[in-house]
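For reference, the structure discussed in these notes is given below.
The first residue in the sequence is number 1, and the count goes up from there. These numbers come from a predicted model, not from an experiment.
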Amino acid sequence: MSSTLFRTKRVEQSILDTEEPEHALKKSLSALDLTVFGVGVIIGTGIFVLTGTVAKDNAGPAVALAFVVSGVACALAALCYAEFASTVPVAGSAYTFSYASLGELPAWIIGWDLVLEFALGTAVVAVGWSGYIQSLMDNAGWTMPDALGSREGADAFGFDILAAALVLVLTFILVLGMKLSARITSLVVAIKVAVVLTVIVAGAFLIDGDNYDPFIPKTQTVEAASNLDAPLIQLMFGWAPSNYGVMGIFTAASVVFFAFIGFDVVATAAEETKNPQRDMPRGIIGSLIICTTLYVLVSIVVTGMQHYTRLSVDAPLADAFKDTGHPWFAGFISFGAAVGLTTVCMILLLGQTRVFFAMSRDGLLPRFFSHVHPRFKTPHRPTILLGVIIAILAGFTPLTELAALVNIGTLFAFVVVAIGVIILRKTRPDLHRAFRTPWVPVIPILSVCASLWLMINLPAETWVRFAIWMVIGAGVYFLYGRSHSRLGRHEETTLAEVEKGDGTGTA
């Protein structure tokens, strides 16, 4: 049984599967499209919100260093993703990579994990987008009825119609084709980056050097929590975490990591890229470099405009401009955030549908969902199904408490991909690798360590919920996926042919 659970799918077979007419996606993306996708999904609420939270609670002006630490952790993972995406240019990202290196059960686990990560991320972002739009409407004197607005903290029953509508519109766009999605994303990303750059340039003229003193605040030990809201590392080792100081920077890095989530989604579009061996590494690494640079510059500006002890938690950038006598920028930043979140939502939804499509093509989920649209060459069936489910989820469910699951799901994928690079180097040294992760196994091992460190800094409650989802996934695999696996059926057919040819009934 263990041999079937860890059977691997040959890279050559994965590539051959992409050439089946009924299951082949259209190749239309360039390196620029992939970079735009990466920037589009990474730059979201994190750059507008998390800066103030971690500066005030953990790192002070050294929050810029926290972004660098998180960026380095993501860069280590990005190098591993780049090698896999250029070697196995197939939809599915970490799921497909795991199938080729670790085996079927680990691939199922990571695929199930990604389905949760992208679905929950899409719903959370849609609700956040709805909040920004409602804020802009309130500024214009228009108020959404309670029954059709955000439900967070509300006692009455309601349905967030804006969040649900956004998901449904983006679902329709994704069904129509990747090139159309790329064009819309490029336009929105251009607007979003222009807003961020304007904030950086305008804010630079309002910096007061005294606000950087001290750059790394003196360490303060806080009381250890004893419930599941505490970080797992705190419960495991019983030590009290530190606010500020060097350890405060690392604590802040585990929080701002949320702002980097998304670059791995670029890998899910490998099968729809014209030249994946060349363009996937450029798209993944290029988008990460651009976003890390913007994050560091924004954090330097906002902590220079206003002392970190006075930064707001909900809207640090907007309130910093208000504090310096420039309230117009508050609405401008809200506009930029609202526009930017549309691309975040769309690309997360794109990533989820591609993982679901790849799993169904392998038979681990119903093959009904692996057929592409005859005209648009997109996986329309899983796109429509998941779009409707996520729209309902975003409309009815306040998801703030579950957002941390997106973090742990992404970090778990990083760990699996890094380990997979090491294994595939050993088992398939003959494969052509257009991009090779440098210093293997050092870089992958550092990536695993960095991801695990950030994971254990997440609340223990997040680990409990993650474990429950994984147990449910294991049940689905053993009840359906294992018996319907195309790889398993292929092996059974091959064995039957060998036995028949042998004439003895033995292989």
Side-chain angles (χ1 to χ4, degrees), residues 40-41 44-46 48-49 114-176 181 184-185 188 258 261-262 265 313-315 331 334-353 355-356 369 380-407 409 461-462 465 468-469 472:
V41 72
T45 53
F48 299 109
V49 177
L114 290 175
V115 168
L116 172 69
E117 173 196 339
F118 293 148
L120 193 58
T122 304
V124 169
V125 172
V127 172
W129 176 87
S130 174
Y132 275 109
I133 294 298
Q134 291 179 59
S135 176
L136 291 173
M137 291 172 62
D138 289 340
N139 292 338
W142 303 335
T143 303
M144 287 285 293
D146 291 340
L148 298 178
S150 175
R151 295 103 29 241
E152 192 66 45
D155 295 329
F157 172 84
F159 182 82
D160 193 336
I161 192 170
L162 291 178
L166 173 67
V167 174
L168 292 177
V169 170
L170 296 179
T171 297
F172 177 72
I173 293 173
L174 288 174
V175 168
L176 292 182
S181 304
I184 294 175
T185 300
V188 176
F258 181 82
I261 285 178
V265 181
V313 174
D314 295 329
S334 294
F335 168 76
V339 170
L341 289 180
T342 58
T343 58
V344 179
C345 193
M346 182 168 69
I347 299 169
L348 286 174
L349 181 58
L350 162 73
Q352 189 200 32
T353 58
V355 172
F356 198 96
F369 296 106
H380 58 296
R381 292 173 179 174
T383 301
I384 294 172
L385 171 69
L386 296 170
V388 171
I389 292 175
I390 296 172
I392 296 173
L393 189 66
F396 279 117
T397 314
L399 297 169
T400 303
E401 295 182 359
L402 299 180
L405 276 172
V406 183
N407 278 22
E461 187 175 22
T462 299
R465 290 169 172 165
I468 293 173
W469 178 256
I472 295 173

Sequence neighbours excluded and cut-off under 3.5 Å, please list the side-chain donor-acceptor pairs for residues 162-176, or say none.
residue : atom : partner : partner atom : Å
Thr171  : OG1  : Val167  : O            : 2.7

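- Side-chain contact between Thr185 and Met346 is present, with heavy atoms from C-beta onward closer than 4.5 Å.
- Annotation for Leu393 and Ala123: closest pair CD2-CB, 4.0 Å, computed over non-hydrogen atoms.
- The closest side-chain heavy-atom distance from Val265 to Phe118 is below 4.5 Å.
- Rounded to the nearest 0.5 Å, atoms OG1 (Thr343) and CG (Leu348) are 9.5 Å apart.
- Interatomic distance, Ile133 CD1 to Trp142 CH2, rounded to the nearest 0.5 Å: 11.0 Å.
- A distance of 9.0 Å separates CD1 in Ile347 from OG1 in Thr342, rounded to the nearest 0.5 Å.
- Across every non-hydrogen atom of Asp160 and Ser130, the tightest pair is OD1-OG, 2.7 Å.
- Listed here is the closest heavy atom pair of Leu114 and Val355: CD1-CG2, 4.0 Å.
- Put simply, CZ on Arg381 and OG1 on Thr353 are 15.0 Å apart, with the number rounded to the nearest 0.5 Å.
- Rounding to the nearest 0.5 Å gives a distance of 14.0 Å between CH2 of Trp129 and OG1 of Thr122.
- Under the ring pair (Phe, Tyr, Trp, His ring centres under 6.0 Å) criterion, Phe369 pairs with Phe356, not counting sequence neighbours.
- At least one donor-acceptor pair under 3.5 Å links the side chain of Gln352 to the backbone N or O of Val115.
- Rounding to the nearest 0.5 Å places CG of Leu350 at 8.0 Å from OG1 of Thr383.
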